[in-house]
Every structure is written in structure tokens, then in C-alpha cells.
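Notes follow the structure.
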Protein chains: 2
Amino acid sequence: MRATGSAAGQAAAPPAGLRERKKRRTRDTLARSALELFDRQGYEGTTIDEIAALADVSQRTFFRYFASKEEAALSVQSMAESHFLAAVRARPAAESPLTALRAAVLASWDTIEEAIQSVVPLELHIRTYRMIEANPQLLAEHLRRQVQLEEELTREIARREGLDATDPRPRILVSAFGGVMRVTGRLLSGTTKGDVNELKRTIAEYLDQIGPALAENWRT
Amino acid sequence: MRATGSAAGQAAAPPAGLRERKKRRTRDTLARSALELFDRQGYEGTTIDEIAALADVSQRTFFRYFASKEEAALSVQSMAESHFLAAVRARPAAESPLTALRAAVLASWDTIEEAIQSVVPLELHIRTYRMIEANPQLLAEHLRRQVQLEEELTREIARREGLDATDPRPRILVSAFGGVMRVTGRLLSGTTKGDVNELKRTIAEYLDQIGPALAENWRT
DNA sequence: AGTCAAGTGTCAGCCACCGCCATAATCTCG
DNA sequence: CGAGATTATGGCGGTGGCTGACACTTGACT
């Protein structure tokens, strides 16, 4: 069968044949089972066998849907990432890169819930960030995906601005932006409550610092 | 015994007792054995048993020195990172943050060879970057360490500039800097020859773009 | 020399992960 | 609707990373 394409993050698909729907349901069930168990007993404290049992499939089937335990743990993050990337692509070409990125993050946090509700409730998704931050292996993989996303963002920005692919400026801007995203992600996992509005305010505030951060002299 | 403290990256120590010297020798031998085998047969194509056999110790002993296969693969990178961090701390306080970072990278590439020669020749170290780039798991862990290093850099810059720890500007600057480092790392792994001078030139060139990258309008 | 601490090997075992083949469920098409 | 081609699933067996426990050896210190 081979798990669905790039293994995650596509938006809702039109109801296809029974087989397809069943596959999707199995995958969602597996992801949800995994996340629930991780939340309850921790990532390392959960075995694949337990996840498979809860989803009522064999261990072997788990691995037909997810290449690894990590992948299951980060499957919802993948969805959130493509959701955000789509939001960036939807920004009008006239906006400056930073403006577009800023607007896209804020917008995607407004609509993230619908995008993931077929798998897990928003609250569990937010709690997942804590788990990631707490587990080195998960964090590592999470960062790798983030860097990969930055790669795509870089290309997208270069395209919007009509720049050569080797121009370093988009990459640098996106890196600074990614730095902000990483801190706010950490904040998300730190604060006890997942208040999305508060998060959005913090993001906006940090992003406004990107300009000043490159000024020559910070010492007043 | 418990492997050496933070598990890597300290500079040369004065010749202590026989026990200490032996431990150090074992660790270096293990790291070298691992890197050589990885280079020859690939990371995944090498088992811990093979590494242990080549270093002439038991598999169990390998794990007394390295917490994981990854850690052995990245042990030299750890040394390079602390080497660089030390170079940053050695920069005069009068230099602006970006100037200091820039000078520190260039300087640390000048002296990296001595820092690691007790373990592997420079050339093998450079080839290791290719291996990291080619293996998702290694790349993930590598990025995690890099982000952690950026964390320390951020603190260091904030300290130099006498800024509050929550000021986002050092973090953003370091992120942009880190973005440049990541591309050049990729270049290092891409070009067939590990010409350090050419690398240094590229780094300098990219770093000079950080300022312009934040300008409002890039479209000529 | 004798005691103590620390490094090492062996063994047994958990768990993530994968190839292989048999089986059972959909799909397709006449 | 039913036979045959596809495709998902289960079970089995095995590999390899990693760990705890325990006994043994070797350097350290008096």
C-alpha cells in the first residue's frame, strides 16, 4: 500500500472509494491513538504495540502508515506546517516578504483547528509541543522539519520577489523569521494554558523586532 | 565510569594519570573507528559491533563512552562547536555582535585542525558533513545541536551588549547568522574538495548580506 | 602488599523496525 | 452478480540499537 504520498499534511480530500476512506480512517485513528498515549504516559513510555492495540490493528500495520514512531508523533505538526505554507502562498504578491510571513502565521493560527480536527482536538495538539520540547529525539526531528519548511519558504519568497535562487537575502530573512517561530513555539510549550490569542500577540510583537535587530548599535 | 562530562568537545587536557589517558585514548579510538567505518560503508551500513570490534572493545564499552551511535558520529562536530564558541568568547567586547561572530567563524576555521587532530584528520572531518547531510536522523540531531549552540550564542551576545535576557534582538541576529552557517555547511558537503579557504570566502560573502537582507524592498 | 574504586566483558532482554508470505478485504470488469 | 486481479492486513522471524546486572580485572593510593 505505501502510506499516503509525502506521508502527511495534505488537506481534506473529497470522499473517494471505500478503500481510500478506510485507509484515511485507519491512519487518523493511529495518529490519534499515538498522541493520546504519548500524552498520557509519555513518548518513551509508550510502545508501538500499545498504540497499535489501541487503534485495533497489528504492529506491522502501524509501520505501513508511519515510517517510525517519531513520524506518528509529528504527524499533526506536519499538517500544521503545510497549513501555514499554504497560507503564505495565499498572500497577495504586493506584500513585502516579512509582511506576508507575518500575516500568514497569524492567519494560519486562526484556522488551524479545522485543519486538524479530523485527527485530534486543538488542545491535544498544543500539548504535543510540550512533549516535543521535552524529548531530544523528537525535538531534533521537529527542527529538521522546520528547517526543511524554511527551505520551502525561502524558495517561495525568492519566487515572489523575482530573485535568483542563489540570492542569500531570502534565506537570511527566513532564518530570522524561523528564529522567532522557534521561540514562540517554546513559549507555546511553556505556558500552561494554550491561549492562542496570547500566542498571536507575542508572535506579532517579536516579529516587529526583526528590523531593529540588525541595527548596528544596540547599546543605548 | 560515565563518559566524559558533557560528552564531548573539551580542549586538550594535561597528561593526567594512566587511567585518564587510557580512557581518553579509548574514546578517541572509538570515535575514529566509527568515523572511518561510516566513511567507508555508510552510517547505516555500519553496526556498533563492527565499530567496537575495530576499536577492540566490547559493544557494551562503546555505549559507556557514547550514549548512541549518533553521538559517536557527531563527536567531532561537538569539538568544532565548542572550538567556535570559545572563539566567540575571545572576541574583544568593543566589536559589534555581527563583527564578532564573523571574525570568530573565520578564526576558528583557521585553527580547527589542531583542535581535532587527536581524533581524526581534517579531511575526514570535512567528509563527515556529507554523511550528516545525507542521513535524516543525523541531520536532525546535528540541527538540534546547532540550535542549542545558537542558544548559547544568544546568551553570550546579550551578555556582551548588556541586554536583558528576554530581548529578542540577539536571538534574531543569531538566527540570521545561523541560517548562513547552515547554507555554508551544506556547501561544505556539496563541493567535492574541502577547500577551507574557499569556504571562508563564501562565509564572509554571505555574512555581508545580513544587513541588506532586512531592507524593505529587494526588487530593483 | 592490600584495599578500594573504576573500567570492561558477558549475558540476557526490551523494543523499534523490516522482509516475507499467507489471508482477507475491496475493486474491476465481463 | 461473480471470478479474478489488486491491495490492505496479520503473523512470524530476525536484525540491530540500547540497557541493567553482575562478575572480573586493572590502575590508584597508602
Side-chain angles (χ1 to χ4, degrees), chain A residues 1-5 7 13 15-31 33-34 37-38 41-75 131 135-138 140-141, chain B residues 1-5 7 13-31 33-34 37-38 41-75 135-138 140-141:
Chain A
M1 66 160 276
R2 205 110 281 263
T4 319
L18 169 59
R19 209 169 231 165
E20 288 305 312
R21 270 179 290 134
K22 220 171 180 178
K23 253 169 45 176
R24 169 148 196 152
R25 220 158 36 86
T26 305
R27 189 190 159 87
D28 288 352
T29 305
L30 273 170
S33 304
L37 287 175
F38 292 159
Q41 4 175 133
Y43 178 71
E44 315 209 291
T46 304
T47 67
I48 307 277
D49 286 313
E50 291 175 297
I51 299 170
L54 184 56
D56 208 53
V57 295
S58 72
Q59 196 233 46
R60 196 67 188 79
T61 292
F62 173 93
F63 283 109
R64 288 203 172 90
Y65 283 94
F66 299 97
S68 64
K69 195 176 170 183
E70 284 174 19
E71 192 176 307
L74 298 176
S75 59
M131 168 180 89
N135 184 290
Q137 198 188 141
L138 278 184
E141 177 62 13
Chain B
M1 65 159 278
R2 203 113 284 261
T4 318
L18 170 58
R19 213 170 225 165
E20 288 304 313
R21 270 178 289 134
K22 220 170 178 178
K23 250 168 48 176
R24 170 147 197 156
R25 220 156 39 85
T26 304
R27 188 190 161 88
D28 288 353
T29 305
L30 273 169
S33 303
L37 286 176
F38 293 159
Q41 8 177 125
Y43 178 71
E44 315 210 290
T46 304
T47 67
I48 307 278
D49 286 316
E50 290 174 298
I51 299 170
L54 184 56
D56 208 53
V57 295
S58 73
Q59 195 231 46
R60 196 66 186 81
T61 291
F62 173 93
F63 283 109
R64 289 201 172 93
Y65 283 94
F66 299 98
S68 65
K69 195 177 170 182
E70 283 175 19
E71 192 177 306
L74 298 175
S75 59
N135 185 291
Q137 197 189 140
L138 277 184
E141 176 62 13

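Throughout, a chain's letter reflects where its sequence line sits, starting with A, and its residues are numbered from 1.
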- Query: What is the distance, rounded to the nearest whole Å, between atom NZ of Lys69(A) and atom C1' of dC14(C)?
  - Reply: 11 Å

- Message: Does dT8(C) have OP1 or OP2 under 4.0 Å away from a side-chain N or O of Tyr65(B)?
- Response: yes

- Item | Closest heavy-atom pair and its distance - Phe63(A), Ser68(A) | CE2-CA, 4.3 Å

- Item | Per-nucleotide protein contact string for nucleotides 19-30 of chain C, where B marks a base within reach and S marks sugar-phosphate only (heavy atoms under 4.0 Å, - for neither) | BB----BBS---

- Query: Atom OG1 in Thr26(A), atom CZ in Arg24(A): separation rounded to 0.5 Å?
  - Reply: 12.0 Å

- Query: Is Phe62(A) close to Asp49(A) at the side-chain level, that is, under 4.5 Å between some pair of heavy atoms?
  - Reply: no

- Main-chain N/O of Ala72(B) paired to Tyr65(B) side chain as donor or acceptor, under 3.5 Å: no

- Starting from C1' on dG13(C), measure out to CD on Gln59(B) and report it in whole angstrom. 13 Å

- Query: Rounded to the nearest Å, what distance is computed from the CZ atom of residue Phe62(A) to the C1' atom of nucleotide dC15(C)?
  - Reply: 13 Å

- Item | Residue-phosphate contact under 4.0 Å: Thr61(A) side-chain N/O, dT9(D) OP1/OP2 | no

- Let me know, please, whether Tyr43(B) or Val57(A) comes out on the 5' side of the other along DNA chain D by nearest nucleotide. Val57(A)

- Residues in contact with DNA chain C, drawn from residues 46-55 of chain A - heavy-atom cutoff 4.0 Å: Thr46(A), Thr47(A), Ile48(A)

- Task: Take atom CZ of Arg24(B) and atom C1' of dA6(C), then tell me their distance rounded to the nearest Å.
- Result: 19 Å

- Message: If you define the side chain from C-beta out and look only at heavy atoms, does anything of Glu141(B) sit under 4.5 Å from Leu138(B)?
- Response: no

- Between Glu71(B) (CD) and dT19(D) (C1'), how many Å, whole number? 15 Å

- Item | Non-hydrogen atoms of Lys69(A) and Tyr43(A) that approach each other most closely | NZ-O, 3.0 Å

- Nearest atoms (heavy-atom pairs only) where Arg27(B) meets Phe66(B): NH2-CE2, 3.6 Å

- Task: Round to a whole Å and report the spacing from CZ of Phe63(A) to C1' of dG11(D).
- Result: 15 Å

- Query: Has Lys23(A) got a side-chain N or O lying under 4.0 Å from the OP1 or OP2 atom of dA8(D)?
  - Reply: yes

- Message: How many whole angstroms separate atom CD of Glu44(A) from atom C1' of dT19(D)?
- Response: 13 Å

- Message: Please report the distance, rounded to the nearest Å, between CZ in Phe66(B) and C1' in dG16(D).
- Response: 19 Å

Could you go through residues 53-61 of chain A and list every donor-acceptor pair under 3.5 Å that involves a side-chain atom there, pairing it with any protein atom two or more places apart or in another chain?
unit_1	atom_1	unit_2	atom_2	d
Ser58(A)	OG	Arg60(A)	N	3.4
Ser58(A)	OG	Thr61(A)	N	3.2
Ser58(A)	OG	Thr61(A)	OG1	3.2

- Item | CZ on Arg25(B) to CG on Leu18(B), rounded to 0.5 Å | 8.5 Å

